Q: 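The structure's right below; bear with me while I get my questions together.
Quantities reported herein were computed from a predicted structural model and do not represent experimental measurements. Hydrogens, waters and symmetry mates play no part in the numbers below; they use all other heavy atoms, side chains included. Heads up: numbering here begins at 1 and tracks the sequence.
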Amino acid sequence: MPKRRFSFKKFFILIFIICAGVYAFVNFPTTQKTVLYPFPYRAEIEKFSRNYQVDKFLAVSVMKVESNFYEDAYSGSGAVGLMQLMPETAGWIAYCLNEEPPSIEEMHDCETNIKYGIWYLAELEEEFFGNDILALAAYNAGRGNVQHWIEENGWKKNFSDIDAIPYDETRNYVKRVLQCREKYSELYGAGIGYKLIQLSELRFASLKFLY
């Protein structure tokens, strides 16, 4: 009985069909919402975004990039919880809100962490002229660093050159958050459609089941 010869042509056709199927599945709106861009803690995010006048899609994007919605997240630098707040930052926020400084355990509480994180975003937006890029850079690298960059480089209120941010981590962080915000706005914004996800964007999405 003659042996069947392996067909590279059929193999590549099969691979193409599989890739096309995966791509179509990923770009189905329900898949995007469930797997790539979920919206957990939505009630809390919308509540505090409304209270502190912050774009809810910006807030959820910061949370996604910071912790991927893992409330027990704890970074090597000591940042805690969903919004990855440093204990000293949380203490200062509590002082500004006339509250007792939260313990580390209390900082892991989702409502407390979201409230403080969104309040801090609002504070940074006000400090940096409502400029999302500068506010996000300050959230990641610290407000002192951003003030230094503004003074050193003569950045204006309408600064928009993300690639001019000197820290690689902060530059990439700002890009990731803004890209996430665009996707959340497309998927969850009232009356707004959705766009196909480019294959190059999947690295920003951080598939939920990988965490």
Q: Any side-chain to backbone donor/acceptor pair from Ser75 onto Ala79? Under 3.5 Å, distance only.
A: yes
Q: Around atom CD of Glu126, are there more than 12 heavy atoms of other residues, nucleotides or ligands at under 6.0 Å?
A: no
Q: Counting neighbours of CD on Gln53 that are heavy atoms of other residues, nucleotides or ligands and sit closer than 6.0 Å, is the number greater than 12?
A: no
Q: Do Tyr70 and Tyr173 sit in one hydrophobic cluster, given that two such residues count as connected whenever their side-chain heavy atoms are within less than 4.5 Å of each other, even indirectly?
A: no
Q: Please report the shortest heavy-atom distance between Tyr167 and Ala141, naming the atom on each side.
A: CD2-CB, 4.0 Å
Q: Name each donor-acceptor pair under 3.5 Å that joins a side chain in residues 146-154 to protein atoms two or more places apart or in another chain, with its distance.
A:
unit_1, atom_1, unit_2, atom_2, d
Gln147, NE2, Glu127, OE2, 3.1
Asn153, ND2, Trp149, O, 2.9

Q: Of the non-hydrogen atoms in Tyr116 and Glu100, which two are nearest, and what is the gap between them?
A: OH-O, 4.2 Å
Q: Would you say Ile114 ends up clustered with Ile104 if hydrophobic residues are merged whenever their side chains have heavy atoms under 4.5 Å apart, either directly or through other cluster members?
A: yes
Q: Assess whether a salt bridge exists between Lys47 and Glu111, defined as any Lys/Arg side-chain N lying under 4.0 Å from an Asp/Glu carboxylate O.
A: yes
Q: Mind checking whether Phe159 and Phe129 sit in one hydrophobic cluster, side chains of I, L, V, M, F, W, Y counted as touching below 4.5 Å?
A: yes
Q: Starting at CZ of Arg143, measure out to CD of Glu123 and round the result to the nearest 0.5 Å.
A: 5.0 Å
Q: Please find the pair of heavy atoms, one from Pro102 and one from Ala94, that lie closest to each other, and give the distance.
A: CD-CB, 4.0 Å
Q: Between Glu44 and Lys56 (salt bridge meaning N to carboxylate O under 4.0 Å), is one present in this structure?
A: no
Q: Check the pair Ile165 / Ile133 against side chain to side chain contact (heavy atoms under 4.5 Å, CB included), numbers first and verdict last.
A: CA-CA 10 Å; Ile165 296 173; Ile133 294 172; 4.2 Å; yes
Q: Using the ring centroid of each side chain, check whether Tyr120 and Tyr139 are separated by less than 6.0 Å.
A: yes
Q: Working to the nearest 0.5 angstrom, can you tell me the gap between Thr170 OG1 and Asn145 CG?
A: 7.5 Å
Q: Do the charged groups of Lys183 and Glu186 touch, with an N to O distance under 4.0 Å?
A: yes
Q: Can you name the nearest heavy-atom pair linking Trp155 to Ala164, along with the distance?
A: CZ2-O, 3.7 Å
Q: Identify the two heavy atoms, one from Ala138 and one from Phe128, that lie closest to each other, and give their separation to 0.1 Å.
A: CB-CE1, 3.5 Å
Q: Honestly curious: do Leu124 and Met86 fall in one hydrophobic cluster under the side-chain, below-4.5 Å linking rule?
A: no
Q: Going by an N to O cut-off under 4.0 Å, is there a salt bridge joining Lys175 and Asp163?
A: yes
Q: Decide yes or no for Leu136 and Asn140: does some side-chain heavy atom of the first lie under 4.5 Å from some side-chain heavy atom of the second?
A: no
Q: Please round to the nearest 0.5 Å and tell me the distance separating atom CH2 of Trp119 and atom CG of Leu85.
A: 11.0 Å
Q: Please report the shortest heavy-atom distance between Pro40 and Pro38, naming the atom on each side.
A: CD-C, 3.3 Å
Q: Can the ring centroids of Tyr41 and Phe69 be said to lie less than 6.0 angstrom from one another?
A: no
Q: Are any non-hydrogen side-chain atoms of Phe39 and Ile45 less than 4.5 angstrom apart?
A: yes
Q: Glu71 vs Asn113, test: side chain to side chain contact (heavy atoms under 4.5 Å, CB included). Steps then yes/no.
A: CA-CA 9 Å; Glu71 64 184 65; Asn113 202 279; over 6 Å; no
Q: Taking atom CE of Met63 and atom CE of Met83, what is their separation to the nearest 0.5 Å?
A: 5.5 Å
Q: Please check this pair: side chain of His108 against backbone of Val80, looking for a donor-acceptor N/O pair closer than 3.5 Å.
A: no
Q: Quick one: are Phe57 and Ser49 in side-chain contact, heavy atoms under 4.5 Å?
A: no
Q: Nearest 0.5 Å please: distance from the SG atom of Cys180 over to the CG atom of Leu58.
A: 10.5 Å
Q: Any side-chain heavy-atom pair from Val62 and Gln84 closer than 4.5 angstrom?
A: no
Q: Please tell me whether Met107 and Tyr95 are part of a single hydrophobic cluster in this structure, the criterion being side-chain heavy atoms less than 4.5 Å apart.
A: no
Q: Hey, what do you get for OG (Ser160) to CG (Asp132), rounding to the nearest 0.5 Å?
A: 12.0 Å
Q: Does the salt bridge (Lys or Arg N to Asp or Glu O under 4.0 Å) test come out yes or no for Arg176 and Glu66, once each step is laid out?
A: CA-CA 10 Å; Arg176 290 175 66 198; Glu66 288 285 353; over 6 Å; no
Q: Taking the side chain from Tyr184 and the backbone from Ala59, do they hold a donor-acceptor pair closer than 3.5 Å?
A: no
Q: Please walk me through it: do Asn51 and Lys115 pass side chain to side chain contact (heavy atoms under 4.5 Å, CB included)?
A: CA-CA 9 Å; Asn51 289 353; Lys115 174 184 176 181; over 6 Å; no
